[in-house]
There are 2 protein chains.
Amino acid sequence: MNNPWVMKMEQFTAFTKEERTRLDAIITSKQREFQAQEDVIADGAHSDYCHVLLTGLACRYKILPDGERQIMAFLVPGDLCDAEIFILKRMDHAVGTLTPSTTAMIHSSEMKTLLREASPISEALWWGTMTDLGVLRERILDLGRRDSSERLAHLLYEMLVRYRVSGATKTNSIDFPVTQTDLADATGMTPSHVNRVLQRFREDEMIELRSKTLTVTDPARLKSLGQFNPAYLHLDRTEANDLAVSSRVGDLIG
Amino acid sequence: MNNPWVMKMEQFTAFTKEERTRLDAIITSKQREFQAQEDVIADGAHSDYCHVLLTGLACRYKILPDGERQIMAFLVPGDLCDAEIFILKRMDHAVGTLTPSTTAMIHSSEMKTLLREASPISEALWWGTMTDLGVLRERILDLGRRDSSERLAHLLYEMLVRYRVSGATKTNSIDFPVTQTDLADATGMTPSHVNRVLQRFREDEMIELRSKTLTVTDPARLKSLGQFNPAYLHLDRTEANDLAVSSRVGDLIG
DNA sequence: CGTCGTGTTGAACAAGGTCAACGATTGTGG
DNA sequence: CCACAATCGTTGACCTTGTTCAACACGACG
C-alpha cells in the first residue's frame, strides 16, 4: 500500500509491520477529495478531524486585509495539514489545495490517543511537528536574509528533497503545478520578478519549469545557490539505511 | 511563587493547585544562570535537558555562511527554548541570551512523561508548541508581505503583549534591552533603516525607546499600523477570566 | 579621559516593485 | 474541431524602498 504518511515518518524511525498496518488502516478509514484551489480548512475554522495529505499539493496561507496572500508553507503528500486543530479552538491560517488532492481524516480523539502512547508513532508525530517548525524557521531565514535568487533556489531545492522523501519521485523531476504567482506569494516577491529570476535559472541551465513539471538539471548548483543545508529537515535515517528511495534522497542532501 | 511558565500556560488552561505545585517543583529543581550574549544551546548541539526561560530575554537565531545573523524569534520568560531536543538528535539553530537570564532545566525523560499524560499540562505543552508555530507563521507574513514600518510596529506590539502574558509588566512599558542591530536581524532590515523607522515612530509619538525600555505611548496606532491580530497567539482564556493580568492583556488584544 | 559599542545622519546606489501591455496556453462550449 | 475566453507567462520603462558605506555623535564604563 502506498502510504506517504508512513514513508515520511520512516525517515525518522522504523515501524514494525503492525504499526504500519495500523497507520494504513487509519488513513484508509475516512478520506476526502478536494478540487484545486479549495480549502482543506479555512482560516478561523474548527474541525474534529485532522487531515493528512495523501495526494496532490496544498499550502498554508493567510490573506491580508488588503487582499494580498502569503503562502507560509507548501504541503506535500505525507504532511499533516492541521495538527493544531485537535487542541486549539480555531485555525489562525488556512490550508488550501493547489491541485486536486486527497486527504485522510483522523478524528481528534484518535490523534490524542496516538500522541499519548509511548510508541514510535507518537515520537514520529512529534518529529513531524518539530520538522514543520524547522521548515518555517528556514523560510524566515530566506525572507530575512537571502536575496530573490537564493530564495527561489532554496525553495525549489527543498521541494525536490521533500518530494523524494514522500516517495512522489525518484528522479530530479517533480510534478509541481504551481503558478509564478504562487511562487511569488511564497517567496515574498512579485510575479514579474519571479518570472525574471526563473528565466535566469533556465538560461543558466539549472532548471526546467514548464507544463507543470519542474526538472532540476543542475542540482549541485541549485543547492549551493540556495545555500541549502538539510539539517533543518532532520532526516535522521536517510544516510543510515539502504532503501532505494532514501539513498536517492541521500544524493541530494549529502 | 513567580512561575512565568505557569502564567503563560494558564492563558490556555486552568491548573489545579496540585498541578501548579508540580510545575513549581520542576522549574525549581535545576536552574542555570546565563550572562548576556551567551548560548543557551548552540546550533548543532544536543542536550538531555530542555530549558524554560525564567528571567531575561533570549532569541532563536541562525548564522549564515557570510556571517549574517537572522533572529527567528524572541523568547520571553515562560517560553520553552528547545522543546525539540528531547526528540531530535541536534539543534538546527541556536538559542542565545540577549540579557543576563535564568533558565529551568527539565530532563528529557520528565518532558516525555509530562507529554504522555492525559492531563492539562500535556495539553498546555502542545498548545505552547502550536503557538510557537503560529508566531513563526506571523513572522513569515511580516517578512513576506509587510513593509519595514509595519514589520517593526508588529514586532514591538507583539512583544508588549507577550510580556503582559508572561506577567513581566502590567503597563505599556517593557524592559526591552535590545540593540537596533538586534531588531534589524529580527526584521530582515539594516540597522540604519531600523533607526530611521524608529525615529519616525518617536516623532509620531507612538513609542519611546531609550535606555533599554520600550514604552508604547499610542498602543492603538501601533497595533493598527502593524495590522496586529492576536488570533495567532491563541490566548483563549484571556477574555473569559478576570485575573488582573489577563484583563490587562485583554485591553491590548481586544 | 579614552575607548568601545551603539545610535544617528547623509548621499549614492541597487534590488526589486509597479504598472501596463502583449503573448502564449489551456480549457470550454458550440 | 474550432473559436473564444480566461488564465498565466513575458517584457519594458519607470519608480520606490531600503541598502551601502562612511562619517560622526553620544554615553557607559574602565
Side-chain angles (χ1 to χ4, degrees), chain A residues 35-38 57 64 66-71 96-100 142-156 175-203 207-214 225, chain B residues 35-38 57 64 66-71 96-100 142-156 175-203 207-214 225:
Chain A
Q35 313 200 319
Q37 313 296 334
E38 203 179 337
L57 182 65
L64 284 175
D66 63 1
E68 282 195 299
R69 176 180 66 160
Q70 176 68 38
I71 292 178
T97 59
L98 295 168
T99 68
D142 271 354
L143 292 164
R145 287 283 174 247
R146 296 203 250 250
D147 70 21
S148 54
S149 305
E150 296 166 337
R151 262 191 328 243
L152 253 182
H154 194 282
L155 178 63
L156 296 178
D175 197 45
F176 195 49
V178 299
T179 64
Q180 295 185 349
T181 303
D182 293 332
L183 288 176
D185 286 347
T187 53
M189 300 160 62
T190 52
S192 316
H193 201 234
V194 168
N195 182 283
R196 288 184 254 257
V197 173
L198 285 179
Q199 278 180 60
R200 215 177 324 128
F201 284 4
R202 281 188 281 235
E203 279 167 23
I207 65 162
E208 289 166 29
L209 179 53
R210 73 166 91 85
S211 65
K212 298 165 190 297
T213 298
L214 166 69
L225 175 58
Chain B
Q35 312 200 320
Q37 314 296 334
E38 204 179 338
L57 182 65
L64 284 176
D66 63 2
E68 282 196 298
R69 176 179 67 159
Q70 175 68 38
I71 292 178
T97 61
L98 295 170
T99 70
D142 271 353
L143 292 163
R145 286 282 174 248
R146 297 204 250 251
D147 68 23
S148 54
S149 307
E150 297 167 336
R151 265 196 318 246
L152 253 183
H154 193 282
L155 178 63
L156 296 179
D175 197 46
F176 195 51
V178 299
T179 65
Q180 296 185 351
T181 303
D182 293 332
L183 288 176
D185 285 348
T187 53
M189 299 159 65
T190 52
S192 319
H193 200 232
V194 168
N195 182 284
R196 288 184 252 259
V197 174
L198 285 179
Q199 279 181 58
R200 216 178 321 129
F201 284 5
R202 281 188 281 236
E203 280 167 23
I207 66 164
E208 288 166 29
L209 180 52
R210 72 167 93 86
S211 66
K212 300 166 190 296
T213 299
L214 166 68
L225 175 58

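All chains are named by letter (A, B, ...) in the order of the sequence lines, taking the proteins before the strands, and each is independently numbered beginning at 1.
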* **Distance, rounded to the nearest Å, where A:Gln37 contributes CD and D:dC8 contributes C1'** => 12 Å

* **Which residue lies more 5' along DNA chain D, comparing A:Arg145 with A:Asn195 via nearest heavy atoms** => A:Asn195

* **Below 4.0 Å: OP1/OP2 of D:dT11 and any side-chain N or O of A:Gln199** => yes

* **Interatomic distance where CD belongs to B:Gln180 and P belongs to D:dT19 [whole Å]** => 13 Å

* To do: Give the nucleotide from the list C:dG7, D:dC21, C:dG17 with an atom nearest to the side chain of B:Thr179.
  => C:dG7

* Between D:dG18, C:dT6, C:dG10, which one does the side chain of B:Arg196 approach most closely? -> C:dG10

* Nearest-Å distance for atom pair CG/C1', residues A:Leu198 and D:dT11 -> 15 Å

* Asked: Going through the distances and angles, do A:Phe201 and A:Leu225 end up as a side-chain contact (heavy atoms from CB on, under 4.5 Å)?
  -> CA-CA 10 Å; A:Phe201 284 4; A:Leu225 175 58; 3.6 Å; yes

* To do: Please state whether the phosphate of D:dT19, meaning OP1 or OP2, lies under 4.0 angstrom from any side-chain nitrogen or oxygen of B:Ser192.
  => no

* Asked: Which of these, A:Asn195, A:Val197, A:Leu143, A:Leu183, sits in a side chain to side chain contact (heavy atoms under 4.5 Å, CB included) with A:Met189?
  -> A:Val197

* Once you round it to whole Å, what is the distance between C1' of D:dG9 and CZ of A:Arg200? -> 17 Å

* Note: A:Asp142-A:Arg151 ion pair, threshold 4.0 Å (strictly below) -> no

* In whole Å, what is the span from the CG atom of B:Asp182 to the C1' atom of C:dG5? -> 12 Å

* Closer to the 5' end of DNA chain C via nearest nucleotide, is it A:Arg146 or B:Arg202? -> B:Arg202

* Whole-Å gap separating P (C:dG7) and CG (B:Leu214) -> 13 Å

* **Pairwise side-chain contact, B:Asp185 with A:Arg145, heavy-atom cut-off 4.5 Å (strictly under)** => yes

* Asked: Got B:Leu209 and B:Arg202 here, is their nearest side-chain heavy-atom distance under 4.5 Å?
  -> yes

* Asked: Could you give the NE2-to-C1' distance, from A:His193 to D:dT16, as a whole number of Å?
  -> 14 Å

* Asked: Looking across every strand, which nucleic acid part, if any, lies under 4.0 Å from A:Thr190 by heavy atom: base, sugar-phosphate, or nothing?
  -> base

* Rounded to whole angstroms, how far apart are CD on B:Glu68 and P on D:dT19? -> 10 Å

* Nearest-nucleotide 5' precedence on DNA chain C, A:Lys212 against A:Gly188 -> A:Gly188

